[in-house]
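Everything on this sheet refers to the single structure shown next.
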Amino acid sequence: MPSPSYPQNFFRYFLLALLAVCLGGATLFGGLGAGRTAMLHFFQGSDSAPALSGGVSTPQFGPPPHIFPIACTEVDFTDAIDLVRNAVVSITMEAEVGISRGVPRFVEGSGSGFIFYIDDTYAYIATNNHVVENASRITISLDDETNITAHLVGAKPETDLAVLSVPLLSLHESGKPFTAAALGCSNSLRMGDSVVAIGNALGEGKRTTQGIVSALNLLIRVPNPATGEHLPLNVFQTDAAVNRGNSGGPLINAQGEVVGIITAKFMGIGVEGMGYVLPIDNVRDMLNYLRETGTGIMPFMGIGHDTIDENLRVQFNLPSVGQWITRVTPYTPAYEAGLQLGDLIVRFNGITITNFYDLRDALIASRIGETVTLGIYRNNEFLEVPITLGAPR
């Protein structure tokens with residue numbers, strides 16, 4: 001039998017292959033050793049590893065790690081949305097912007113609102129003032145298809161609030177279900193609470209988006225389309241998606257209660273999830289006041305005032321911060337109540353007053369003719385002074 005023949009340089013290739021196997025084995029066991037050390041460090045939190053026993057060692061990883069399941073805390077808003085959806089309306093408005101060749105020119109806008117009160121004749125709808133400001137025609141829709149004429153009852157530009165009315169007969173004739181939304185409590189909100197925004201997003205009809213309360217007790221300034229001035233508003237922030245057309249719509253909690261009115265969002269490149277909401281506890285009284293009187297005139301005291309902050313309090317050895325009365329106009333409610341120059345207002349019907357906006361918001365939430373109690377410091381003595389609020393002259 002002929003002897004087998006091998007390729008030339010066979011032994012050279014054989015030796016190279018043997019060397020590769022040896023190096024590969026060393027790399028494998030080195031890798032296992034390094035991997036063992038890393039695994040021990042990750043799971044056991046130790047930089048040291050016990051020595052391997054025996055001549056030929058195999059990795060020993062010790063006890064398995066503890067696994068902690070992640071609990072799902074997402075809130076189911078299905079029932080909450082069902083409770084309030086028939087109170088939410090889409091709003092369309094037309095405003096005259098000029099005349100071209102003798103023909104009036106109109107622009108159309110959209111927004112949202114919600115029914116907050118129903119009496120024997122009308123349903124009353126809360127929305128933003130900027131949604132209906134200067135409107136010559138306003139319609140609402142419950143189903144995004146059937147339009148019903150609405151009337152502006154009253155507005156309060158300073159707080160970006162407006163109230164519309166719709167005859168109950170018109171709502172019944174539409175054949176669509178409707179209800180009044182339940183108003184909740186915004187004062188009990190905490191950062192992280194789950195909320196849902198409902199509204200006429202982009203004018204496309206009712207849409208819902210979910211998020212959380214991102215921040216509380218914020219002061220923002222928004223432009224007033226009518227005057228170009230910037231209005232200061234007390235709001236809270238949510239990361240629920242807010243788009244054009246959501247303005248005036250409700251933000252609800254998991255119980256289906258309205259905790260705020262969507263009013264603005266921060267827009268810019270790279271900005272997401274910064275929507276701003278009027279707290280319902282701040283505007284509840286004004287909504288009812290507009291509904292009952294049709295006017296948003298702020299009650300009047302007849303004083304000039306300025307803020308005493310912490311620095312001035314220390315400098316002048318005052319007992320508190322608040323609003324320092326700088327002027328009392330004769331024959332006004334403040335004059336009749338006996339308020340004096342230099343009095344320091346620190347309470348308004350139990351509400352703490354520290355700055356201009358605290359006092360302004362407390363007045364907005366009050367009514368002309370209402371008697372309120374001011375807490376003041378006079379010569380370092382605390383007094384409670386009743387005052388009957390009047391109408392501006």
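Only a predicted model underlies this, so the values are computations on that prediction, with no experimental measurement involved.
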Is the shortest side-chain heavy-atom distance between Thr352 and Val346 below 4.5 Å?
no

CD1 (Ile345) and CG (Asp343) are apart, to the nearest 0.5 Å, by 7.5 Å

A quick test of your reading: do over 12 heavy atoms of other residues, nucleotides or ligands sit less than 6.0 Å from CZ of Arg284?
yes

I'd like to know whether Arg378 forms a salt bridge (charged side-chain N to carboxylate O under 4.0 Å, His left out) with Glu381, so could you lay out the CA-CA distance, the side-chain angles of the two residues, the decisive distance to 0.1 Å, and finally the verdict.
CA-CA 5 Å; Arg378 179 182 296 163; Glu381 180 183 1; over 6 Å; no

Counting C-beta onward and ignoring hydrogens, is there a side-chain heavy-atom pair between Ser366 and Phe348 closer than 4.5 Å?
yes

Honestly curious: do Leu83 and Ile280 fall in one hydrophobic cluster under the side-chain, below-4.5 Å linking rule?
no

Side chain to side chain contact (heavy atoms under 4.5 Å, CB included) between Ile198 and Ile252: does it pass, once the steps are laid out?
CA-CA 8 Å; Ile198 308 179; Ile252 66 169; 4.0 Å; yes

As a quick check of understanding, evaluate side chain to side chain contact (heavy atoms under 4.5 Å, CB included) for Asp193 and Asn253, giving each step before the final call.
CA-CA 8 Å; Asp193 280 346; Asn253 60 19; over 6 Å; no

Evaluate the side-chain proximity of Leu142 to Asn86: yes if any heavy-atom separation is below 4.5 Å, no if none is.
no

Under 3.5 Å: donor-acceptor pair, side chain of Asp309, backbone of Asn311
yes

Given Leu251 and Ile261, is the side chain to side chain contact (heavy atoms under 4.5 Å, CB included) satisfied, shown in steps?
CA-CA 6 Å; Leu251 193 79; Ile261 300 176; over 6 Å; no

Contact between Val372 and Pro386 at the side-chain level, heavy atoms closer than 4.5 Å - yes or no?
no

Where does the angle between the aromatic ring planes of Tyr117 and Tyr124 fall among parallel (under 30°), tilted (30 to 60°) and perpendicular (over 60°)?
tilted

Taking C-beta and beyond as the side chain, do Met301 and Leu374 meet within less than 4.5 Å on heavy atoms?
yes

Option among Leu183, Ile125, Thr127 that satisfies the side chain to side chain contact (heavy atoms under 4.5 Å, CB included) test with Phe114:
Leu183

Could you tell me whether a side-chain N or O of Lys206 sits under 3.5 Å from a main-chain N or O of Val88, the two making a donor and an acceptor?
yes

What pairs of residues pass the salt bridge (charged side-chain N to carboxylate O under 4.0 Å, His left out) test when at least one of them lies in residues 288-308, not counting sequence neighbours?
Glu292-Arg367

For the CD atom of Gln237 and the CG atom of Asn217, what is their distance to the nearest 0.5 Å?
12.5 Å

Over 12 foreign heavy atoms within 6.0 Å of CG, Asn379:
no

Test item: Gln323 and Phe356 side chains (from C-beta on) under 4.5 Å apart, heavy atoms
yes

Indicate yes or no: at least one non-hydrogen side-chain atom of Val321 is less than 4.5 angstrom from one of Ile353.
no

Audit row: Thr78, Asp76, side-chain hydrogen bond (donor to acceptor under 3.5 Å, both in side chains) steps and yes/no:
CA-CA 6 Å; Thr78 306; Asp76 183 354; 2.6 Å; yes

Quick check against the 3.5 Å criterion: does Asn200 have a side-chain atom that pairs as donor or acceptor with the backbone of Gly245?
no

Side chain to side chain contact (heavy atoms under 4.5 Å, CB included), that's the test. Do Glu108 and Thr92 meet it? Break it down for me.
CA-CA 7 Å; Glu108 189 174 273; Thr92 302; 3.7 Å; yes

Tell me whether the centres of the aromatic rings in His172 and Phe178 are closer together than 6.0 Å.
yes

Would a 4.5 Å heavy-atom cut-off, applied to side chains only, mark Val213 and Val195 as touching?
yes

